[in-house]
Structures are given as C-alpha cells and as structure tokens.
Amino acid sequence: MKKHWLFLSLLVLLAAGPFGALPKSREMEELKLVTTLALDGERVTAVTGVRTTEEETAQALTGEGKSLAEACYALRGSSARRVYLGQTEQLLIGEGQDLTAALDFVLRDRELRLDTLLYIVKGEAGAALAASVSRISGETGGQDPRGRTVGELLARLSQGDYTLAPALAPDGEGMLTPAGWAVLGPDGVEGYLEDKAAQGADLLMGLGIGQAAALPGGSVEFTGVRTAARGGALRCCLTARAVEGAPSEEELARWGGECLRAALALGWDCWGLDRELAALEPWRWKTWKNTPVAGLKICVEVTLTGGKGRG
C-alpha cells in the first residue's frame, strides 16, 4: 500500500509540471548575485558578482528601509534583475550597526548563509565598500586566514562568551584594509585589539605561520605557532627562520611574550582559555571558570633557524 501511494504521488508531481502547478526555479542568469553586503543601521550596500562570460562589471547597489529586511528588498529597485543574497561571501558591519540586529537578520533571512564571513568596519561600512569595488572585483578570491563565519561567532556569543571578528578600516584612499581584531561580546562590539595586541591574538589563534616579525637584530618568518593553556599558565611554542639580519631567540621570545600580554591585558577571553585550563582536569572547572586572563603566567619557547643563539 505504501509503495502504491508513493507511485501515485510521483504521477501527480510529473503531471503538475506541464500545467504550471509547481513553482518555477529561477535561472542564475535572471539574478543579480551579491558577493559582499555592508550593513549600516537601516541602510545596506551590496557589491555584485561578475560573470566573465557576459563581460559584466561589479556594481555597488544601495537600499534603505525601516528594517534591514526592507533595505535589502529596496536593492531590487537598483537593478533590472532580482538581487540575490544567497551567494554573499562577506558581511561587513559598520560601527553604527546593532550587532544583535544584524545577526538576527542573518538568521531570519531565507537567502543569507551562516558560512558567510563577518567583518567589523571602523566607520561606515557601506561607503568604504563602495570605494573598494574596483579592487574587490579584481581579486581572485581564496581563503581568508582571518575569516570567521557568522555561525562560528554565534556559537560563542550564544554562550555569553567573548569572541573575535576581523576588523577593517578605510585607508588614505578610502579602500578597506585589515585593522586588527574587533572584540564581540554580549553587548556588541566591546573594543579592538590593535598593533601588538592584534599580533598576540594571531598567535593565540595559530595564524602567525608565514607572517614576519621585526626584531632589534633583524626579522624572522614564522614556520610554526602553537599555544596551550594548562597548569595556570599560557604556553606558546614558536618556530621561525631568520630572513634578515641576525635576530636572536631571546629577542623572539621577548617579542612573543609582549604580544601575548598585550592581547590579554584588557581581560577579554576570546579564545576559551578557561576551558583549556580545565580540559585535562575537568574536576577543577570551578577553579578555572572565568579566570582573569590578564593574570596568566606566560611562557614562550622558541626555536630559531638561521639566527644566533639556541633555545
């Protein structure tokens, strides 16, 4: 009986197609694909993708409304094709945008995805994005090592934890460039980690590989970065090679310690260090929960090739 019912259902579906009873899917050629979306209050700015086969050029579209949903709907008035957000790869949030409202919008929208990369822009995101259209359209893409998806950030924020999102800022020509890390928390954007604090955040996230550091005796390039919190201390192992001058391991260890202390100085645990401290001793979770990270002992071990000194 069940097979007979399934067979009849299939016949109904097949018969419905020619008479237009089933909804018609839109061809991709009928849509204007958005690759980057910027949110500023109740104003949105979108940059469209480029179809090389049709010799298209990237466009910046804007929309306003009483809500973010209305503003995105207003984008349709800027294009003959329906604007489609399902291909959005980057979501830029301006400083004046309520973070909770932005994330709630992503969750409610039927097209935006949780694997969209999120960035915090210092200043107005839309204006900076519009100024960067020519560069964005000329980039070939690829993985952003600093990229954090909406889904990743929501997982920590939903637990009441702090987390990091890459920050961007307009340069002298109005183009968007990396500007450290934005600290996100229960109340939205809590602050920023810049300069040495941002470098310390990179080390804590294991993002230093391939990056260079300038030391008094020369410069090095990292070949390995590993950090772990255990036994009441933050331990960092750095391996690097000298690329200029004659830097020493002592200089590199001192630099690493300064960066890590700068990242932890303001007290935001954006990396779940309290959970790491309790990982090997879960029965001591109450001891390490909400541990003041600024007071953690920092131990840096260094292995340097091509420089002077031994670790």
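The chain is numbered in sequence order, starting from 1.
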Between side-chain atoms of residues 196-209 and protein atoms elsewhere (two or more places apart, or another chain), which donor-acceptor pairs fall under 3.5 Å?
from, atom 1, to, atom 2, distance (Å)
Lys196, NZ, Glu258, OE1, 2.5
Asp202, OD1, Trp181, NE1, 3.0

Below 3.5 Å, can you tabulate the donor-acceptor pairs from side chains in residues 147-154 to any protein atom, sequence neighbours excluded?
from, atom 1, to, atom 2, distance (Å)
Arg148, NH1, Leu164, O, 3.0
Thr149, OG1, Glu152, N, 3.1
Thr149, OG1, Glu152, OE1, 3.3
Glu152, OE1, Thr149, N, 2.9

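Residues that satisfy the ring-ring contact (aromatic ring centres under 6.0 Å, His included) test with Trp271, not counting sequence neighbours, are absent from this structure. Among residues two or more places apart in sequence or in another chain, the salt bridge (charged side-chain N to carboxylate O under 4.0 Å, His left out) test is passed with Arg43 by Glu64.
Annotation for Glu301: atom CD does not count as buried by contact number, only 12 or fewer foreign heavy atoms lying within 6.0 Å.
The shortest side-chain heavy-atom distance between Leu103 and Leu118 falls under the 4.5 Å cut-off.
Note on Leu114 and Val34: same hydrophobic cluster, where clusters join Ile, Leu, Val, Met, Phe, Trp and Tyr whose side-chain heavy atoms are under 4.5 Å apart, directly or indirectly. Residue Leu238 is not grouped with residue Val243 when hydrophobic side chains (ILVMFWY) are merged at heavy-atom distances under 4.5 angstrom, including chains of intermediate members.
Across all their heavy atoms, Glu251 and Pro216 have their closest contact at OE2-CB, 3.7 Å. Of all heavy-atom pairs spanning Ala101 and Leu68, the tightest one is O-CD1, 4.1 Å.
Here side-chain hydrogen bond (donor to acceptor under 3.5 Å, both in side chains) pairs that include residues 183-192, with residues two or more places apart or in two chains, are Glu95-Tyr192. Among residue pairs with one or both ends in residues 202-259, those qualifying as ring-ring contact (aromatic ring centres under 6.0 Å, His included) are Phe222-Trp255; sequence neighbours excluded.
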